[in-house]
S.K.: 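Pasting a structure here, questions to come.
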Amino acid sequence: MLPVYVNDNFDTPHNMTALLKQNINSHIALTDAEMEAFCNLFQHKIIKKKSFLLREGEVCKFEGFVTKGTFRVYHIDKSGREQILYFAIENWWVTDIDSFTTERPSQLFIEALEDSEVLLISKKDKEFAYTNLPKIEKLFRVMTQKTHVALQRRMIDNLSKTADQRYLDFIEKYPQLNQRLSNLQIAAYLGISHEFLSKIRNKIATKK
């Protein structure tokens with residue numbers, strides 16, 4: 001029998017839990033009892049637009065699953081420029097894995113770009129799952145591997161592709177993001193200026 005774990009802060013609407021279960025099922029197979037036990041470890045949190053889930057200097061105490069809205073994960077360099085690592089929308093995970101793992105202050109900001117909602121699991125509860133629900137370790141291992149693959153591909157693209165190619169790849173791979181982000185946000189993600197992105201978009205529009 002699975003151990004009973006009571007989370008006093010548990011407040012997860014059914015449709016949000018359903019989205020989380022769907023995401024988990026895309027990676028591993030769990031029994032109904034295992035799925036319920038794991039999902040009960042998450043806390044539901046509402047983050048208003050322009051509010052922060054994490055700020056630089058704070059220790060990241062969660063891994064989050066986005067059920068509504070959009071987040072951007074970014075770093076501010078020494079010259080004051082924002083460097084966006086990635087965006088997270090519905091059905092995506094969000095965290096600072098470095099800070100979460102090492103318990104050191106984060107160098108990142110995680111900001112809601114829209115009114116958003118997220119399901120959060122703490123390090124303590126994640127370790128509880130590892131001990132009592134062994135399949136969960138495989139879940140996070142699979143997700144980590146996919147994250148590393150995506151990061152490596154992005155690094156290679158940044159080194160080998162032009163800004164035009166990177167933008168075309170972005171709108172093809174993330175059409176839903178392209179519709180929800182400003183030109184400034186997309187430009188920061190691509191590592192180019194807003195003006196240069198406008199030139200790229202104008203060039204593409206002219207060719208159509």
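Quick caveat, the model's predicted, so the values are computed rather than measured.
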S.K.: Got a sec: does the CD of Q176 have more than 12 other heavy atoms crowding it under 6.0 Å?
M.R.: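 Counting other residues, nucleotides and ligands, CD of Q176 exceeds 12 neighbours.
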S.K.: Parallel, tilted or perpendicular: which describes the rings of F140 and W93, with under 30° parallel and over 60° perpendicular?
M.R.: perpendicular
S.K.: State plainly whether the residues E36 and K21 are in salt-bridge range, i.e. N to O under 4.0 Å.
M.R.: yes
S.K.: Are a donor atom and an acceptor atom from the side chains of S198 and E195 found within less than 3.5 Å of each other?
M.R.: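 Absent: no donor and acceptor within the cut-off.
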S.K.: Can you tell if the side chain of E63 reaches within under 4.5 Å of the side chain of L120, non-hydrogen atoms only?
M.R.: no
S.K.: Does any part of the side chain of F52, heavy atoms only, come nearer than 4.5 Å to the side chain of I110, both counted from C-beta?
M.R.: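 No, their side chains stay 4.5 Å or more apart.
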S.K.: Please tell me if the side chains of V73 and F109 come closer than 4.5 Å, counting only heavy atoms from C-beta onward.
M.R.: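 The answer is no, as the side chains (C-beta and beyond) never meet within the 4.5 Å cut-off.
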S.K.: Between E56 and S106, does any side-chain donor sit less than 3.5 Å from a side-chain acceptor?
M.R.: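 Judged by distance alone, the side chains do not pair up.
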S.K.: Are L119 and V66 close enough that some pair of their side-chain heavy atoms sits under 4.5 Å apart?
M.R.: no
S.K.: Compute the ring centroids of F65 and F42, then answer whether they are less than 6.0 Å apart.
M.R.: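 Centroid separation for F65 and F42: 6.0 Å or greater.
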S.K.: Under a 4.0 Å threshold between the charged nitrogen and the carboxylate oxygen, would K50 count as salt-bridged to E111?
M.R.: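 Answer for the salt bridge query: no.
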S.K.: Going by heavy atoms in the side chains, are K45 and L53 under 4.5 Å from each other?
M.R.: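 They are in side-chain contact.
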S.K.: Are there more than 12 heavy atoms of other residues, nucleotides or ligands under 6.0 Å from atom CD of Q83?
M.R.: yes
S.K.: Judged by atom type as modelled, is there a donor-acceptor pair below 3.5 Å linking the side chain of E127 to the main-chain atoms of K124?
M.R.: no
S.K.: Will you find, in the side chains of D77 and S79, an N or O donor that is under 3.5 Å from an N or O acceptor?
M.R.: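 Result is yes, a qualifying pair exists.
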S.K.: Does the salt bridge (Lys or Arg N to Asp or Glu O under 4.0 Å) test come out yes or no for E90 and K68, once each step is laid out?
M.R.: CA-CA 5 Å; E90 295 89 356; K68 178 183 177 182; over 6 Å; no
S.K.: Ignoring hydrogens and geometry, is there a side-chain-to-backbone donor-acceptor pair from T131 to A129 under 3.5 Å?
M.R.: no
S.K.: Quick one: are F62 and V118 in side-chain contact, heavy atoms under 4.5 Å?
M.R.: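 Answer no - side chains too far apart.
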S.K.: Would you kindly say whether R72 and Y86 are connected by a side-chain donor-acceptor distance under 3.5 Å?
M.R.: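 Looking only at side-chain atoms, Y86 and R72 do not form any donor-acceptor pair under 3.5 Å.
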S.K.: Without hydrogens or angle criteria, can the side chains of R104 and S99 be said to hold a donor-acceptor pair below 3.5 Å?
M.R.: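 Side chains of R104 and S99: no pair found under 3.5 Å.
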S.K.: Using modelled atom types only, decide if a donor and an acceptor are shared between the side chain of E34 and the backbone of T31 within a distance under 3.5 Å.
M.R.: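 Checking the backbone N and O of T31 against the side chain of E34, a donor-acceptor pair under 3.5 Å is found.
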S.K.: Tell me if a side-chain donor or acceptor on T101 pairs with a main-chain N or O of D98 at a distance below 3.5 Å.
M.R.: no
S.K.: So, do L159 and D157 sit near enough that their side-chain heavy atoms are less than 4.5 Å apart?
M.R.: no
S.K.: Any side-chain to backbone donor/acceptor pair from D115 onto K49? Under 3.5 Å, distance only.
M.R.: yes
S.K.: Knowing that exactly one of K138, R141, M143 qualifies, which makes a side-chain contact (heavy atoms from CB on, under 4.5 Å) with I28?
M.R.: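 Output: one option passes, namely K138.
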S.K.: Ring centroid separation for F87 and Y189, is it under 6.0 angstrom?
M.R.: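 Judged by ring-centre distance (under 6.0 Å), F87 and Y189 do meet the cut-off.
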